[in-house]
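Before any comments, here is the structure.
Since this is a predicted model, take the numbers as computed values, not measurements. Because only heavy atoms are used, hydrogens play no part in the values below, and waters and symmetry mates are left out as well, while side chains stay in.
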Amino acid sequence: MAGALSGTARRPAAGPDVGQPRPAGTMLARARRVGRLFALLARRALLLAVLLATVFAAVELLPGDAANATSERGESAADLEQRRALLGLDRPVLSRFTDWMTGLPSGDLGTSARGESVADLLSRPFPNTLLLGGLALLVTLAVSLGLGCWAALKPGGGADRAVSATATGILALPEFVVAVALVLVFALWTGWLPAVTLTDSDGSPASWQMLVLPVLALAVPQIGWNTRIVRAALADEAKAPHVESAVIDGLPRHRVFTHHLLPGAMPTIAAGIATSTGMLLGGAVVVETIFNYPGIGSVLAGAVADRDSPVIAGVVAVTGAVITGVLLLADLVRAWASGGRT
Amino acid sequence: MNRRQVLWAGGATVTTALLAACSGNGGTSAEPAGADAKPRKGGTLRIGALGRAGAITRDPHGTQANESDYLIISLVHDTLTAPGAKTNTAPRLATAWKASDDLKTWRFTLAEGATFHDGTPVTADDVVWSLRRLRGTPSGASRLPGIKAANIKAEGARTVVLVSDHPNAELPLLTRLTTFVLKKGTKDKEIGKAPGTGPFKLDWFRSGNARLVRNEDWHGGEVLLDAVEVKIFESPQAMSNALLAGQIDVASNVGAVAARTAEKREDIRIVRRPDDMAMPIVMRTSSGPFADPKVREALKLAVDREAMVKQVLSGYGKVGNDILGTGDPAYAKDIPQRARDLAKAKSLLQEAGFDTSKTYKLHTTEDISGLAESATLFATQVREAGVRIEVVKQESATFWEKTWLKGDLYTTYWGTNDSVVFLASKTMVSDSGQNEAAWDSAEFDAAYRRVTGTKDPAARAKVLRDLQRIEHDESGYLLWGVADGIDLAAAPVRGLPTLPGYGRVQLERAWLAR
């Protein structure tokens with residue numbers, strides 16, 4: 001997929017002047033480019049649809065159903081049947097899935113097993129999760145770029161070895177271990193930061209300090225992962241002929257770094273960061289529980305317990321859309337970076 | 001979090017609650033030494049309660065799967081009666097009730113001067129409308145058993161009449177927990193903001209969190225706190241962290257694990273609410289390997305109750321005597337406590353011809369903390385009597401669908417430990433809908449009918465003792481112990497409820513010494 005784009009987004013060395021008639025070839029190239037973009041989008045959308053179908057099927061395979069899981073102890077069999085019919089659970093899974101999918105383009109995510117609109121159910125927690133994940137992504141990007149570059153400046157030096165070893169150590173730590181350690185140290189022992197996130201009357205975190213620990217808990221393992229990617233990408237790129245020639249040409253070191261080394265390493269780094277997006281959103285489920293963060297994680301956990309397919313699929317759809325968007329962005333960065341190089 | 005407990009407590013079963021004078025020490029918690037004796041007005045209490053974002057409900061007659069929702073609803077809306085300390089049914093919106101001689105017709109008198117938060121007086125019509133609405137919900141039949149909607153009527157402005165299909169001496173007990181009163185004709189979409197009659201008025205509600213302010217005109221007396229802020233927590237661990245870090249003042253129903261963590265902290269008080277949760281082991285009486293009463297007695301003798309309480313409940317609980325309803329003021333304390341007797345257990349098994357070469361399955365879930373652990377420890381203990389048991393943990397939905405009411409040997413749990421009759425009616429009378437052990441005893445059924453049909457309290461207590469003796473001797477329940485409900489509170493918090501189960505939502509007498 002990335003290859004499809006990398007050719008198209010190449011910036012022409014000199015664009016046609018405005019007002020001048022465009023050569024037919026350029027028009028065709030542009031149409032082809034747009035076509036490829038759509039093809040890519042369509043492929044991603046199809047992938048998402050398959051994923052959503054899998055979600056419906058997986059929930060179907062779990063023991064019990066939504067009517068059962070949300071029933072009260074002692075509800076009679078007749079009551080259960082009635083609610084099952086009300087929720088449409090007596091219909092085949094395929095027709096329920098089709099119904100749900102046809103509502104999707106209009107933003108209708110269906111109704112939860114407890115009778116709430118899924119779109120409403122996600123409207124508050126999802127922005128909170130995006131905020132948490134977005135901040136964690138920014139921190140990951142900034143810190144791993146910084147550390148990776150620092151380590152790459154003097155390959156094999158003290159900094160390099162320390163950074164690489166630490167990065168390897170922390171990338172193996174699951175989020176919940178990091179989270180529990182952070183709470184112990186920064187909330188319960190020192191009292192510097194709040195232990196959990198409490199929400200305001202508008203449903204968002206009551207203060208910015210409450211974001212610090214959840215963001216760190218999510219970012220730390222990803223920093224470990226991405227620092228290694230940055231370090232490795234820079235090391236690979238350092239061996240590239242154009243970098244070597246730049247060094248031989250006697251260009252200043254920082255200029256070689258920013259104009260030759262980094263752009264070449266960018267596609268790999270972008271891909272690494274893009275992969276982290278999925279990991280960050282996945283990790284959010286765990287981290288949100290530990291910090292009582294009002295995000296989508298708690299909605300998802302509850303929905304699985306409730307066998308609530310529309311809610312689970314709704315969460316998958318919105319997070320899937322975000323991840324697809326980020327992957328697309330990463331593709332564009334790769335395309336831009338490789339285009340810029342030639 | 002224990003979804004089921006809350007589910008049935010909020011709904012089907014009227015539940016949990018109350019406790020009782022025999023084990024309770026009154027309406028409020030033991031205060032720290034040197035505490036101010038004089039309650040002080042003012043302050044905002046921040047209280048954490050368990051709940052899941054996806055299960056939030058605003059409807060007082062809906063399924064309250066979240067403790068946080070139940071807490072908010074209970075502070076805003078009054079029930080007809082409430083859990084009490086000295087008797088298991090205390091007045092709330094109804095200040096008095098009286099039965100006809102046949103114990104079928106009950107008249108409830110509403111509190112003088114009770115008003116909704118918007119100032120309009122509460123009338124019998126409002127109550128009748130609310131009770132009928134409650135009766136019309138999917139689990140309405142189990143919430144108000146034996147009372148048809150048409151048999152709920154107003155008599156004048158302040159009397160509500162309930163006519164039961166059968167004599168029921170304990171009918172007021174049923175009106176303790178979910179009989180929240182709304183204004184007549186409240187529309188479904190207005191329910192989130194509908195005025196209640198409770199000690200607090202809703203200031204705002206968002207995503208399961210709420211701020212409630214004092215109702216200066218509450219019919220039930222002076223409310224001391226300026227406001228209560230309810231914070232929803234998905235996990236007890238996060239809630240306990242929030243308390244330890246000073247972000248909330250009370251962690252409600254947070255459990256024994258959190259209490260153990262807090263034991264070392266002098267600034268945190270552990271509030272124990274005795275008789276909160278029973279987790280009996282159920283043995284099927286109608287068929288299967290435990291159908292022989294001798295086998296059931298053998299298992300009841302093989303369990304080491306003290307060890308169970310100590311290890312499974314971290315000591316936060318007390319030993320049980322195979323009678324459900326330990327918190328009932330009429331609980332039969334004089335029936336001798338069954339103790340461990342391996343020799344007798346073995347000989348009973350032998351007499352019954354029990355096959356000790358087989359391995360029997362004990363099904364359990366992890367719905368509430370300690371439940372699966374109790375099964376494991378039990379299996380180890382009865383091994384010493386020669387019974388081989390394999391513990392099978394089932395995922396919650398599977399357990400309730402496949403095992404509950406059907407299995408030969410499984411764990412269950414109940415919160416209404418304040419009423420022997422209530423549990424008998426739900427789980428032991430032969431035609432009860434949730435007869436977990438499939439028990440069919442003509443003697444027990446007759447005792448039950450005598451209890452619910454006897455008007456004189458002293459005479460009823462006597463037949464109630466008979467009922468408990470039969471239950472102790474023969475039923476399919478092995479009740480090894482009862483867990484305390486545990487709240488954690490910051491030092492300045494006073495006047496927290498100590499009633500079990502949903503007694504904990506009674507925050508109108510709480511105050512802050514700071």
When heavy-atom pairs shorter than 4.5 Å are enumerated against chain A, which of [options] gives the highest number?
options: B:D203, B:L405, B:N209; answer: B:N209
options: B:A141, B:A238, B:S207; answer: B:A238
options: B:A245, B:G208, B:A55, B:A210; answer: B:A55

- Query: Applying side-chain hydrogen bond (donor to acceptor under 3.5 Å, both in side chains), which residue pairs with at least one partner in residues 200-211 of chain A are found, sequence neighbours left out?
  - Reply: A:D202-A:S204, A:S207-A:Q209
- Message: Tell me the closest heavy-atom pair linking B:Q247 and A:A195, and the distance in Å.
- Response: OE1-N, 2.8 Å
- Query: So how far is it from B:E234 CD to A:I290 CD1, rounded to the nearest 0.5 Å?
  - Reply: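 Result: 10.5 Å between the selected atoms.
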- Distance (rounded to the nearest 0.5 Å) between B:F233 CZ and A:T197 OG1: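 Rounded to the nearest 0.5 Å, the CZ-OG1 separation comes out at 9.0 Å.
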Of the backbone (N, CA, C, O) and the side chain (C-beta and beyond), which part of [X] lies under 4.5 Å from a heavy atom of chain B, both, or neither?
X: A:V183; value: side chain
X: A:P294; value: neither
X: A:S298; value: both
X: A:A113; value: neither

- Query: Side-chain contact, heavy-atom cut-off 4.5 Å: B:R206 with A:T199?
  - Reply: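 Counting from C-beta outward, B:R206 and A:T199 never come under 4.5 Å.
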- Query: Hey, are the side chains of B:R52 and A:D306 touching, using non-hydrogen atoms and a 4.5 Å cut-off?
  - Reply: yes
- Message: Whether the side chain of A:N292 engages the backbone of B:I232 through a donor-acceptor N/O pair (distance < 3.5 Å, no angle test) should be reported.
- Response: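 Confirmed, A:N292 side chain pairs with B:I232 backbone.
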Selection from [options] maximising heavy-atom pairs under 4.5 Å formed with chain B:
options: A:L62, A:L122, A:L193, A:L188; value: A:L188
options: A:Q82, A:R124, A:E116, A:R307; value: A:R307
options: A:L184, A:V196, A:L121; value: A:V196
options: A:V299, A:L198, A:D308; value: A:L198

- Heavy-atom count around A:W192 CH2 within 6.0 Å, excluding the residue itself: above 12? no
- Message: Can you confirm whether B:K406 is buried at NZ, in the sense that more than 12 heavy atoms of other residues, nucleotides or ligands lie under 6.0 Å from that atom?
- Response: yes
- Given a strict heavy-atom distance threshold of 4.5 Å, which part of B:I56 is in contact with chain A: side chain, backbone, both, or neither?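 The answer is the backbone of B:I56.
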- Could you look at B:N241 and say if it's the side chain, the backbone, both or neither that has a heavy atom under 4.5 Å from chain A? both
